[in-house]
Amino acid sequence: MTSLFATPRIVREDRADGAILLRSADPLGPHPATLLHSLRSWAEVDPDHAIVAERDLVGGWREVSYGEAVQAARAIGEGLLALGLGPRRPLLVLSGNSVDHLLIALGAMTAGIPVVPISTAYSLQSRDHERIREIAALVEPGAVFAEDSDQYSTALDALPGVPLLASRGCRTTAATVDTLCTTAPGAAVDRAFESLTPESVARVLFTSGSTGTPKGVLSTHGMWAANQQMMRQAWPFLATERPVVVDWLPWSHTFGANHNLGLVVANGGTLYVDAGRPVPGLFEQSVTNLREVPPTIYVNVPAGYSQLVPVLESDPAFAAVFFSRARLLFNAAAALPGQLRDRLTAVAERTLGHSIPITGAWGLTETAPAVTSAHYDFADARCIGVPLPGAEVLLLPLDDAWEIRARGPMVTPGYFRRPDLTAEAFDDEGFYRTGDAVQLADPDDPNAGLLFRGRVAEDFKLSNGTFVRVGALRTTLLSAIPVLGDAVIAGQDRDEACALAWLNAAEVAAFLGREPVVDGDVVVDPELTEHVARALALHQQDRGRSSRVERILIMARPADLDLGEITDKGYVNQRRVIERRPALVARLLDEPDHPSVIRPSFVTPTAERV
């Protein structure tokens, strides 16, 4: 059997200025100019194999094969060119993941038309749609695709004069997906496809803005294809095992689009569109889908795993199905809390009698996305691995950590119509300034990889001048107190770091068996407060002031996606939450004796003493 992972072979170069350059000794292997070429190759090899499936109206799976996808892409591409779209007239997409979304995106890219997928939150959860207006003014789209024009009606009102493409709905359309699929492909689309180069723009992905204002990242065909080849070399089993992925992560983000969808297309796999989400009321749909279609590679973010683990632990029959053909579990977007990783390992071992690799990677929208991969055994949940073949990382000393920069064929050429931002993003050697901090897992062994320390822009100093590494502190806090869904760390220029947190509904339900007690904007449940206070005390043990949380305030209302406090893939905008909740932050920092502020306590209930 082909090995699951390749053995890392990392070359380290120490520079005179204290910087460290890391790269793989394995060169990047040959790969097609675009993933569209991979799509066509798989269609020739096995035209009837499903590339994508989604739930239909009666609960079954609507499947589209590789052969059908190529035919549809050529027809749609011809139709879009006839409507006046082109390299300078992109296709704006408002809809979430679906079969029609994929087909129209493949059609656009086949015709050399960049696709600009917009977070559905900007359409369905926004009240003013200002973000959509701003993006449209910058992009100047040739058309907009909204799968259901009725569902996206108010968002479409923000795009007057932009031709509409839809699958269904009452609005007048320039074309429907069905009519585009009946277009006879001809010389126009074939010429456009043949003219594609690695430098051609495939997508413009607007960043989630977790530390700043969203901007349009140019994602080229070459970036996408190169990055998938990098992953294939790290995961050699993909050469003989076509992946099955059940995924909810949005195609408006690099993880869902470039990584997960690219993984499927490059390796001839099948993606089952999961309409669920890692939130109460929607995650049940994800569980239903996973019961029917156990994945070979499971991908998610920490918010998703925090919902999944309690279900796996409480339902052995579901766990048996879920793990039945799993080759690995993959986490990205943020560090997986250590306790969550340990519980996931334990439930896999109980179910299978052996562990399943739980791995991760690191990268950004600007890097297509993977720069590093943890394709080996590791113990520290913060591990983000080693540089992939073809990638170089430069580590610059940064107090007790290292700023990490990236260079290679997976890195963006820049930002859409923002040469100023592009110039600022790269250093004199062409390394992309990522704004993230890392440390060496083992200073004497580059093959041990890197540990993620958080986003530099989030970090702050206490009044004594010591740095608080927000990303690392947040991860250890969530690992120590699983009932917390997420948190932001406050305390800049103060004596102590404190946390404004909200609850993980699945963990709270398992712990309390009821809804927590709430008073206005905060949770004041005595049983829950005592539990968190004891866990916080354990978290503080043997930690210095800059690496521990002194107080917690649990908000009744979690971070709000519509207000930009959280991205639709689950990462928290630390700065935005603190700015928008000044009263709660002031209470947390200035009123330590307030009844709703939780402080560490070693009080142990009588029942536990017995």
Side-chain angles (χ1 to χ4, degrees), residues 278 298-313 328-351 354-362 372-386 400-401 436-442 448-455 458-459 468-489 497 499 501-504 506-508 510-511 531-532 534-544 546-549 552 570-572 574 600:
Y298 184 68
V299 291
N300 218 321
V301 296
Y305 282 109
S306 70
Q307 297 292 316
L308 175 66
V309 169
V311 181
L312 291 171
E313 291 173 332
L328 61 87
L329 310 180
F330 183 86
N331 172 75
L336 188 66
Q339 61 82 22
L340 204 56
R341 186 171 186 262
D342 292 342
R343 290 166 62 190
L344 195 53
T345 296
V347 71
E349 290 177 343
R350 287 198 302 271
T351 304
H354 60 82
S355 62
I356 290 286
I358 303 170
T359 186
W362 169 83
T372 67
S373 172
H375 51 96
Y376 51 88
D377 290 334
F378 60 92
D380 194 318
R382 298 172 298 166
C383 183
I384 58 172
V386 296
D400 61 340
D436 284 351
V438 300
Q439 71 182 62
L440 293 162
D442 182 344
L450 302 168
L451 305 180
F452 186 67
R453 293 291 302 274
R455 286 160 168 77
E458 292 181 341
D459 296 342
V468 173
R469 299 295 178 194
V470 168
L473 182 54
R474 170 184 161 274
T475 300
T476 59
L477 179 68
L478 298 179
S479 182
I481 313 177
V483 293
L484 300 183
D486 217 324
V488 298
I489 308 299
W502 53 97
L503 296 172
N504 179 328
E507 296 286 359
V508 170
F511 175 72
H531 173 73
V532 171
R534 287 186 288 116
L536 181 59
L538 293 174
H539 165 74
Q540 286 189 344
Q541 288 182 330
D542 302 320
R543 290 181 177 274
S546 65
S547 60
R548 72 188 187 202
V549 170
I552 297 174
Y571 195 82
V572 178
Q574 163 102 2

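These figures come from a predicted structure and were not determined experimentally.
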Set out, in order, the CA-CA distance, both residues' side-chain angles and the distance that settles side-chain contact (heavy atoms from CB on, under 4.5 Å) for Tyr305 and Ile358, then state yes or no. CA-CA 11 Å; Tyr305 282 109; Ile358 303 170; 5.7 Å; no
For this session: Evaluate the criterion side-chain contact (heavy atoms from CB on, under 4.5 Å) for residue pair Leu312 and Thr351; output intermediate values, then yes/no.
Result: CA-CA 9 Å; Leu312 291 171; Thr351 304; over 6 Å; no
### Task
Report the C-alpha distance between Thr475 and Leu336 in whole Å, list the side-chain angles of each, state the deciding distance to 0.1 Å, and finish with yes or no for side-chain contact (heavy atoms from CB on, under 4.5 Å).
CA-CA 7 Å; Thr475 300; Leu336 188 66; over 6 Å; no
task = May I have the step-by-step check of side-chain contact (heavy atoms from CB on, under 4.5 Å) for Arg469 and Asp400, ending in yes or no?
result = CA-CA 9 Å; Arg469 299 295 178 194; Asp400 61 340; 2.9 Å; yes
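Note that CG of Leu484 is 9.0 Å distant from CG of Leu536, once rounded to the nearest 0.5 Å. Here the CG-CZ distance, from Asn504 to Phe511, works out to 13.0 Å after rounding to the nearest 0.5 Å. Rounded to the nearest 0.5 Å, atoms CG (Leu451) and CD1 (Ile384) are 8.0 Å apart. Within the model, atoms CG of Asp486 and CZ of Arg474 stand 4.0 Å from one another, a figure rounded to the nearest 0.5 Å. Interatomic distance, CG of Leu329 versus CG of Leu344, reported as 5.0 Å (0.5 Å rounding).
Both cation-pi conditions hold for Arg341 and Phe378: the charged atom is under 6.0 angstrom from the six-membered ring centre and inside a 45 degree cone around its axis.
Cys383 has its side chain within reach of Tyr376: a pair of non-hydrogen atoms, C-beta onward, lies under 4.5 Å apart. The shortest distance between side-chain heavy atoms of Pro600 and Arg548 does not fall below 4.5 Å. Annotation: side chain of Val470 is not in contact with side chain of Arg455 (no heavy-atom distance under 4.5 Å). Taking the side chain as every heavy atom from C-beta outward, Pro357 and His375 never approach each other to under 4.5 Å. Two residues are said to be in side-chain contact when any heavy atoms from C-beta on lie closer than 4.5 Å; Leu308 and Asn300 fail this criterion. Considering only heavy atoms from C-beta on, Pro337 comes within 4.5 Å of Pro302 through its side chain. Within the 4.5 Å cutoff, the side chain of Leu478 has no heavy atoms near those of the Leu340 side chain. The closest side-chain heavy-atom distance from Tyr298 to Ile356 is not below 4.5 Å.
Enclosure of atom CG in Asp377 is not indicated, since only 12 or fewer non-hydrogen atoms of other residues, nucleotides or ligands lie within 6.0 angstrom.
The closest donor-acceptor contact from the side chain of Gln574 to the backbone of Ile489 lies under 3.5 Å. Formation of a donor-acceptor pair under 3.5 Å by the Gln540 side chain with backbone atoms of Val549 is found in this model. A donor-acceptor contact shorter than 3.5 Å links the side chain of Ser479 to the backbone of Gln339. Judged purely by atom type and a 3.5 angstrom limit, Thr359 uses its side chain to pair as donor or acceptor with the backbone of Ala374.
Here the shortest heavy-atom pairing between Ala401 and Ala437 reads CB-CB, 4.3 Å. Of all the heavy atoms in Gly449 and Val386, the pair that sits closest is CA-CG1, 3.6 Å. Heavy-atom minimum distance, Pro278 versus Gln307: O-CG, 3.6 Å. When all heavy atoms are compared, the tightest approach of Ile552 to Ala501 is CG2-CB, 4.1 Å. Considering every non-hydrogen atom in both Phe330 and Ala361, the closest pair reads CZ-CB, 3.6 Å. Considering all non-hydrogen atoms of both residues, Glu507 and Val483 come closest at CB-CA, 3.9 Å.
Salt-bridge formation is not detected for the pair Arg453/Asp459: no Lys NZ or Arg NE/NH1/NH2 atom is positioned less than 4.0 Å from an Asp or Glu carboxylate oxygen.
Annotation: side chain to side chain contact (heavy atoms under 4.5 Å, CB included) contacts of Ser547 (sequence neighbours excluded): Arg543. Remark: Ala535 engages Ile481 in a side chain to side chain contact (heavy atoms under 4.5 Å, CB included) (not counting sequence neighbours).
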